Amino acid sequence: MAKQSMLKFVTVDKAMPEKRPPDLRKEDFQEIYRDYAREKAAQQAGRCSQCGVPYCQSHCPLHNNIPDWLRLTAEGRLEEAYDLSQATNSFPEICGRICPQDRLCEGNCVIEQSGHGTVTIGSVEKHITDTAFEMGWVKPIRPLMERSESVGIIGAGPGGLAAADFLRRQGVQVTVYDRYDRAGGLMTYGIPGFKLEKPVVMQRVEQLQQGGVTFVLNCAVGEDMSFADIRAEHDFVVIATGVYKSRALQAPGVGAKGLVRAIDYLTVSNRKSFGDDVPQFDSGELNAEGKRVVVIGGGDTAMDCVRTAVRQGATSVKCLYRRDRANMPGSQREVANAEEEGVEFVWLSAPKGFRGDSIEGVMVQKMRLGQPDATGRQSPEIIEGADYVEDADLVIMALGFEPEDLPALWDTPELEVTRWGTVKADFRTHETALDGVYAVGDIVRGASLVVWAIRDGREAAEAILTKLSAPVSVAAE
Ligand code: FAD
Ligand code: SF4
Ligand code: SF4
């Protein structure tokens, strides 16, 4: 049976789910890919050659059992495929949508390496869990027994929520604290709906709530409640606060009105997607409609900003980046999506300053790529005499994020941090220098990926469960 359904990569071509045409998708914040029909998912899953040593699995940060859930999908056994997929991953439908698969599972698929086009692992993963939600197979957690021990988790992003999920599965009492009014972290207020629609995140939050996880929202630890109080309240604490301090640029004119931070711009736009009343958007301050928009940066946050500006009705959208296309950190797939939607990339260009009290333009200096630096990347060098002004009414700075100073904010100097300000934690157990306190996700790694935050959350939960001598549900790697 298995053999008949699999190994179809020679006869069946790789096919992604249908992508909505740019003119249509520019009009809304809905995801750009449609779902596979069930037969199509089975057909695509059947392209897998069931490798004895599956490189896809070893390059997935969660070490998901990919070949087995592909086989089950090809055989039409989707409920079993879901059970297997959720055993290692708290949010398979989210990873299926937003993991950079070309750098992780799919980029290492042997079919891809042999020139046949990768098995579309992410799209199948999304299909399995979307179907599971539709069919009512995704149930609230019902632990076999309740335990008396409690864990306080600070931060309701993917790292904190994954830890909550795996701890609750074993009956641990879990409370998640977050300073925002909604859970989900950057999945809710950072990543735009055209990559990850908001109901997809909210249905998971509801599932956790129904499974007994307590959420304390609008609670900024360090302001509304002290870190010491949280430690006193719980047997263990997990820090999962992410990184939110925007990297700043020192240049003439940086105080100009209309020069804004990417995180503020995206948060406001995501709030509008929820239908919230957002004065900063309604006043036009953080709304690109009718404006010439320039986004500075070459990472995925910059890609999300340019594509958001297109959807808000900007008259033009340009992205300035100081290196070239081949040397940008953002995903090539997202650049292609942005270009299809009408974004212009101005490579080898860096801001030198800004014109106007209300922004009128960016003073741009042109660059060329010089010698490789210590990391092997070519360093940009200024081309003298090639400066020009790029007109703009709204400039969005997407230069990356740094951690907040947690030891100072939380009056806890004993919490050890690295020289970059990220929290020091054991790379396997995620224990920090403080007894019973763990740390996961971006606050440890620096700005990273959802899938790595989930992995950290899962491992911290495993480490806590081991201390409690409770069963650990995920197979150890
Ligand atoms: P976060 O998701 O940042 O969650 C941290 C939570 O902690 C937040 O809800 C915050 O409110 C809360 N918090 C912080 N401080 C406190 C406090 N003192 N008290 C209470 N609560 C607090 N990754 C991908 O894999 N794919 C993508 O396509 C992708 N796109 C991205 C696009 C953008 C614009 C950005 C900014 C990031 C993107 N990422 C993407 C990265 C990904 O979102 C992060 O790596 C991931 O969300 C980190 O998870 P986390 O749980 O560590 O932190
Ligand atoms: Fe691929 Fe991410 Fe899914 Fe792992 S979690 S299989 S890397 S899409
Ligand atoms: Fe299947 Fe590709 Fe993974 Fe091999 S590497 S098991 S072909 S998905």
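Quick note: numbers below take in every heavy atom, side chains included, and nothing from hydrogens, waters or symmetry partners. Remember, it's 1-based here, ligands and their atoms both numbered in the order they're listed. It should be emphasised that the depicted structure is a prediction, and the values quoted were computed from it without experimental measurement.
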In the protein, which heavy atom is nearest to [atom], and how far is it?
| atom | answer |
| --- | --- |
| atom 4 (Fe) of ligand 3 | Cys51 SG, 2.3 Å |
| atom 1 (Fe) of ligand 3 | Cys48 SG, 2.4 Å |
| atom 8 (S) of ligand 2 | Glu125 OE1, 3.2 Å |

Atom 1 (Fe) of ligand 2 reached by Cys99 (N, O or S, under 2.8 Å): no
Enumerate the atoms of ligand 1 whose separation from the nearest heavy atom of [X] is less than 4.0 angstrom.
| X | value |
| --- | --- |
| Gly157 | 2 (O), 4 (O), 6 (C), 51 (O) |
| Gly155 | 6 (C), 7 (O), 12 (C) |
| Tyr180 | 9 (O), 11 (O) |
| Ala220 | 19 (N) |
| Gly242 | 3 (O), 5 (C), 53 (O) |

Where's the contact between [X] and ligand 1, heavy-atom distance under 4.0 Å: side chain, backbone, both or neither?
| X | answer |
| --- | --- |
| Tyr244 | side chain |
| Asp300 | neither |
| Pro158 | both |
| Phe401 | side chain |
| Cys219 | backbone |
| Lys195 | side chain |

Proximal atoms of ligand 2 relative to Val451 (non-hydrogen, under 4.0 Å):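 Within the 4.0 Å cut-off of Val451, ligand 2 contributes 5 (S).
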Close-contact set for ligand 2 against Ile66 heavy atoms, below 4.0 Å: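 That gives atoms 6 (S) of ligand 2.
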Salt-bridge contact [X]-[Y] (side-chain N to carboxylate O under 4.0 Å):
| X | Y | answer |
| --- | --- | --- |
| Lys195 | Asp304 | yes |
| Glu341 | Arg311 | yes |
| Asp83 | Arg77 | no |

